[in-house]
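Just so we're on the same page: letters track the sequence lines, and every chain starts at 1.
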Number of protein chains: 2
Amino acid sequence: MRIITWNINSVRARTNIVEQLVKTYDPDILCLQETKVQDHMFPTDFFEEIGLPHLAIHGQKSHHGVATAAKAPFEDSFKIDWCEKGDARHIAVKIAGGPTLHNFYVPAGGDVPDPEENDKFAHKLQFMEEMTAWSKGLKEPSIVVGDLNIAPHPDDVWDHKKLLKVVSHTPIETEGMMKMIDAHGWVDVMREFTPLPEKLYSWWSYRARDWNAADKGRRLDHVWVSPSIKDTAKHMEVARDARGWEKPSDHAPVIVDFEF
Amino acid sequence: MRIITWNINSVRARTNIVEQLVKTYDPDILCLQETKVQDHMFPTDFFEEIGLPHLAIHGQKSHHGVATAAKAPFEDSFKIDWCEKGDARHIAVKIAGGPTLHNFYVPAGGDVPDPEENDKFAHKLQFMEEMTAWSKGLKEPSIVVGDLNIAPHPDDVWDHKKLLKVVSHTPIETEGMMKMIDAHGWVDVMREFTPLPEKLYSWWSYRARDWNAADKGRRLDHVWVSPSIKDTAKHMEVARDARGWEKPSDHAPVIVDFEF
DNA sequence: GCCCCAAAAG
DNA sequence: CTTTTGGGGC
C-alpha cells in the first residue's frame, strides 16, 4: 500500500500535476495539504477520473485545507479542531485492515519566532502542544503525515546555523517537535530510510532563482508511525522531480510504501 | 500580404494562442488590441521567436493597449492621443510599399447608453467624433483595423431588436459609425466579402454557457480601407475557430489578404 | 467569464 | 514567487 503526502498549494490550481503524480507514482492513498477550497467546491469529479474516488476532505475558503483521497473506501473518517480555531488543518481516516491515518497541516507560524510578538507563532506552538498531549494519549496504531512546517534536525535544512532564527528551524520548534515524537514514540519513517546525517528536504522556496541548483531546501513534510507498526514501512522516497514539473507546488511529495 | 486584427484581451496571458494563430494563419502583420501591458513589459522576445520581430506598440498598465507586429520593418510609426486622455488606444504604421495602417481600440462605453449619465459612453461618442473629423481630413490611402466596439448593421448582431438599447448597437452609435464611414468613404472590407444580410460576428461573450451553439455574437471588429485602395483587398475571413481554442479571447481574429 | 490590480499569506 | 480575495472593467 502506497501512501503519498503532498502540500499541493491549491488543489484546484494544480489538477494537472496531481494527475501527473498519480500516473507516475500510483498512490493507493494521497494526502494533500493546503487544498485552499471549501468542501462544496472540491474537485470530486477530477479525483474520480484519476482513480481516487474515495475522499475525506476538510476544507475552508482561501487558506489551509486537507484532503485524503484513496482507491478503496475508508472504514471511517473524522476531524479534530486543534486550538479551537475552526481551522481546516486535520482529517483522519481509518484504513480498511490497517491503522488510522492522520493528515495534518500545521500552522506555518509567520515570520517572527516570538510567541509574545507574533500570534501566528504562538498558534503554532499551541498546536504542537496539543499534538503532543494527543500523541501521549493515543493508543491505537496510527500514522501521522503532512506538512508539519518544522525541519527538526540540522540535516533537515540546507544550512543549520543560518536557519536557527528562521521560523521552521528555531530551537523552540525543533525541541518541541522532538518532545512530540517522544510523547508517543513516533517513528520518523523518512529518517529510517534516509538516516542522519544525510541531507533530506521536501520543500524549496518559490523565491529561489534556481531551486534545484541552489538546493536551499527544508524537510517540512513528515511521515510518522506508531512504534508497533514501525516494520510495516518498506520504502520511502521524496519525489523531488515533482518540484520541477509545470506550475509546481513548493513542496515535493513524500512517498512511503507499507505492508499492513 | 495578410493582415490580421485581433482583440487579444491581455497579450501576456495569451501567448499560447497568439503562437497558434501565427502558425495556423501566418499573418504578415498582426494588429492586437487590449494588450494590457506597459511597453517596457511587452513580450518582445516572444514575438521575435514567432517570426514577427518588428513591433510598434502603445501600451499602458492594466487597460487598453495596442500593438502591431510584422515580419518586415515598417517605414514609420506614430500614435494619436484621442480625446486628450493619454489612453493607449491607437498605433499607426506605414507599411513599406503600401498604405498607412491604423490600429484602434475604441472605448467600450460602459453599460448605460446615455452620455449625460455615463462618462464612458460620452467618451466613446467623443472618440467617434474625433475619428470622424480625422477621417474627413485624411488624404493618403489608409487602412483602419481594430476593435471599434460598435456593430453597425442589424445583421452584425444576433438579435437587432434585443440589442437596440445595448451599448455597441444603439442608434446613436450605429448612426455615428455610418457618419464616420461616410466622412472618408471608408470601404467596410468585411462586408465586401460577406455582404448584408448575412450574419457576421467577431465577438462572443465569455459569459455565454455555449458560445458556439447559442451564437449570440456581435461584429465589434472592423477592417476599413480608403476608397482608392478598395480593390487591393482579395480575401476576408473571421477565424471563428480561434474563439474555441484553449483559454480564448472573447474576440475572433479577422483576416484580410491584400495585394498592394 | 476572464482579465487586471492590490494585499495578505506562504 | 505563487496563491487567494475582492473590486473594476468589459
Taking NE2 from B/H169 and P from D/dC10, how many angstroms apart are they, rounded to a whole number? 21 Å
Assess the pair A/W134 and A/F104: is the distance between their ring centroids shorter than 6.0 Å? yes
May I have the distance from B/N118 (atom CG) to D/dG8 (atom C1'), rounded to whole angstrom? 14 Å
Aromatic contact between A/H102 and A/H90, with the criterion being ring centroids under 6.0 Å apart: yes or no? yes
Taking 4.0 Å as the cut-off, does a side-chain nitrogen or oxygen of A/R14 come that near to OP1 or OP2 on D/dT3? yes
Here the distance between atom P of C/dC4 and atom CD of B/Q38, to the nearest Å, is 13 Å
Return the value, rounded to whole Å, for the distance between atom NZ of B/K36 and atom C1' of D/dG8. 10 Å
For B/E246 and C/dG1, give me the distance from atom CD to atom P, rounded to whole Å. 17 Å
Can you see whether B/W186 engages B/S135 through a side-chain donor-acceptor pair at a distance of less than 3.5 angstrom? yes
Between the side chains of B/N212 and B/R240, does any donor sit under 3.5 Å from an acceptor? yes
Between the base of C/dG10 and the side chain of A/R207, is there any donor-acceptor pair under 3.5 Å? yes
note: B/D250, atom CG; C/dC4, atom P; distance rounded to Å ~ 13 Å
Distance check needed: D/dT2 P versus A/N9 CG, whole Å only. 10 Å
Send over the distance from A/N16 CG to D/dT2 C1', rounded to a whole Å. 16 Å
Please determine if a side-chain N or O atom of B/K61 lies less than 4.0 Å away from the OP1 or OP2 oxygen of C/dA6. yes
